[in-house]
Amino acid sequence: MLEKDHLVSELRQCQGQSRKKEDRPGKVLPSLYETHPTQHEHVKSLKEKLAQEQKLSAMYQEQCISLEEELARIREEEGVRRDIFKDRSHKMGKRLQMMTKRYEALEQRRVLEVEGFKTDIRVLRQKLKDLEQMLYKATLSIQANKDLAMLCEVRSSNRRAHKIQGELKTLKSKLFGLENQLRLC
């Protein structure tokens, strides 16, 4: 941009100088213009310089035009790239938001599942404890029933033993009585 401004200012200076030079020979008296050969050579050299400057100015103008066209093309490409970049950035932002929401939903689901598993484990442990207590009570009741049955058996055996002892005593006493009678007879 700076180079373009510099070239345009040089072009304007050259055009201004060439106009001044063109205006001067027209105002100079024709007799002086034709009479002095050095002036004529000077005018020729000025005309050549003017032609060169005009060529340079045309070349600079063409360069300016081509550079402006290239600048416009580059700006247009940059605009297209910027639009593409904005579009991609927008799409990526939406995708990131969607992925974030999915992650948060999965995290929430995982937390709920962990809580559910903990609750299930707690319930199963309680059921296991209840079953263990029931099994212990059943074992105790079976053992107590066995003990009670044994006690009943012991009592009945004890009664029979007493009864048998009583019968043995009576039989002994009868036997002693019979012996005594036999001795006496």
Side-chain angles (χ1 to χ4, degrees), residues 1-12 58-185:
M1 195 68 170
L2 186 62
E3 185 178 345
K4 177 185 167 189
D5 292 339
H6 179 66
L7 292 173
V8 169
S9 65
E10 280 185 24
L11 178 66
R12 288 184 182 153
M59 185 180 73
Y60 285 146
Q61 283 179 345
E62 288 175 9
Q63 284 181 353
C64 285
I65 291 170
S66 66
L67 289 174
E68 284 176 352
E69 288 173 354
E70 187 175 343
L71 180 65
R73 183 185 55 80
I74 290 172
R75 283 184 179 164
E76 185 177 325
E77 287 175 0
E78 179 192 359
V80 169
R81 287 183 187 140
R82 186 176 291 140
D83 291 341
I84 291 171
F85 178 74
K86 284 181 182 178
D87 187 43
R88 285 183 183 171
S89 298
H90 184 67
K91 286 180 182 177
M92 288 180 77
K94 282 184 177 180
R95 188 172 180 190
L96 179 64
Q97 286 176 349
M98 184 178 68
M99 296 298 269
T100 304
K101 286 179 183 178
R102 282 185 185 174
Y103 174 76
E104 289 172 354
L106 286 173
E107 186 66 24
Q108 182 67 23
R109 181 178 173 189
R110 185 190 66 81
V111 167
L112 292 175
E113 285 179 352
V114 167
E115 287 179 18
F117 289 143
K118 285 181 180 179
T119 304
D120 290 345
I121 289 170
R122 196 176 316 118
V123 167
L124 290 173
R125 281 185 180 162
Q126 186 61 42
K127 284 183 179 180
L128 182 63
K129 283 182 183 179
D130 292 343
L131 286 173
E132 286 175 348
Q133 287 177 355
M134 287 172 59
L135 183 62
Y136 179 71
K137 286 179 181 178
T139 306
L140 283 180
S141 68
I142 290 172
Q143 187 68 28
N145 286 342
K146 283 184 181 179
D147 289 344
L148 188 61
M150 280 173 121
L151 282 174
C152 289
E153 188 75 28
V154 168
R155 278 186 186 167
S156 66
S157 297
N158 195 13
R159 281 187 203 135
R160 277 185 276 152
H162 281 306
K163 191 177 179 183
I164 290 172
Q165 277 180 353
E167 286 177 10
L168 282 174
K169 279 185 187 178
T170 49
L171 284 175
K172 230 184 194 186
S173 64
K174 282 183 185 179
L175 187 68
F176 283 129
L178 284 174
E179 253 181 45
N180 277 338
Q181 280 180 1
L182 267 174
R183 268 189 220 167
L184 289 174
C185 307

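When reading the values below, keep in mind they use all heavy atoms of this one structure, side chains included, and skip hydrogens, waters and symmetry mates. Residues: numbered from 1 along the sequence shown. Given the structure is predicted, the values throughout are model-derived calculations rather than measurements.
Looking at R82 and E78, a side-chain N of the basic residue comes within less than 4.0 Å of a carboxylate O on the acidic one, giving a salt bridge.
Separation of atoms CZ (R88) and CZ (R95) is listed at 13.0 Å; rounding is to 0.5 Å. The structure places CG of L175 at 10.0 Å from CG of N180, a figure rounded to the nearest 0.5 Å. Considering NZ of K172 and OG1 of T170, their distance stands at 11.0 Å, rounded to 0.5 Å. Note that CD of Q63 is 11.5 Å distant from CD of E70, once rounded to the nearest 0.5 Å. Taken from CD1 in I84 to OG in S89, the straight-line distance is 11.5 Å, to the nearest 0.5 Å. The distance from atom CD1 of I74 to atom CG of L67, rounded to the nearest 0.5 Å, is 9.0 Å.
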Next item on the list: Any chance you could lay out the side-chain contact (heavy atoms from CB on, under 4.5 Å) test for T100 and L96, step after step, and finish with the verdict?
Entry: CA-CA 6 Å; T100 304; L96 179 64; 4.2 Å; yes
Note to self: R183 vs E179, test: salt bridge (Lys or Arg N to Asp or Glu O under 4.0 Å). Steps then yes/no.
What the structure shows: CA-CA 6 Å; R183 268 189 220 167; E179 253 181 45; 3.7 Å; yes
Which pairs would a plain distance check flag for residues 107-117, meaning a side-chain donor or acceptor within less than 3.5 Å of a matching protein atom at least two apart in sequence or in another chain?
from: E107; atom 1: OE2; to: R110; atom 2: NE; distance (Å): 3.4
from: E107; atom 1: OE2; to: R110; atom 2: NH2; distance (Å): 2.6
from: R109; atom 1: NE; to: E113; atom 2: OE2; distance (Å): 3.3

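Screening E77, E69, E76 against R73 for a side chain to side chain contact (heavy atoms under 4.5 Å, CB included) leaves a single residue, E77.
A 4.5 Å side-chain heavy-atom check between D83 and D87 finds every atom pair outside the cut-off.
Within 6.0 Å of the CE atom in M99, the count of heavy atoms belonging to other residues, nucleotides or ligands does not exceed 12.
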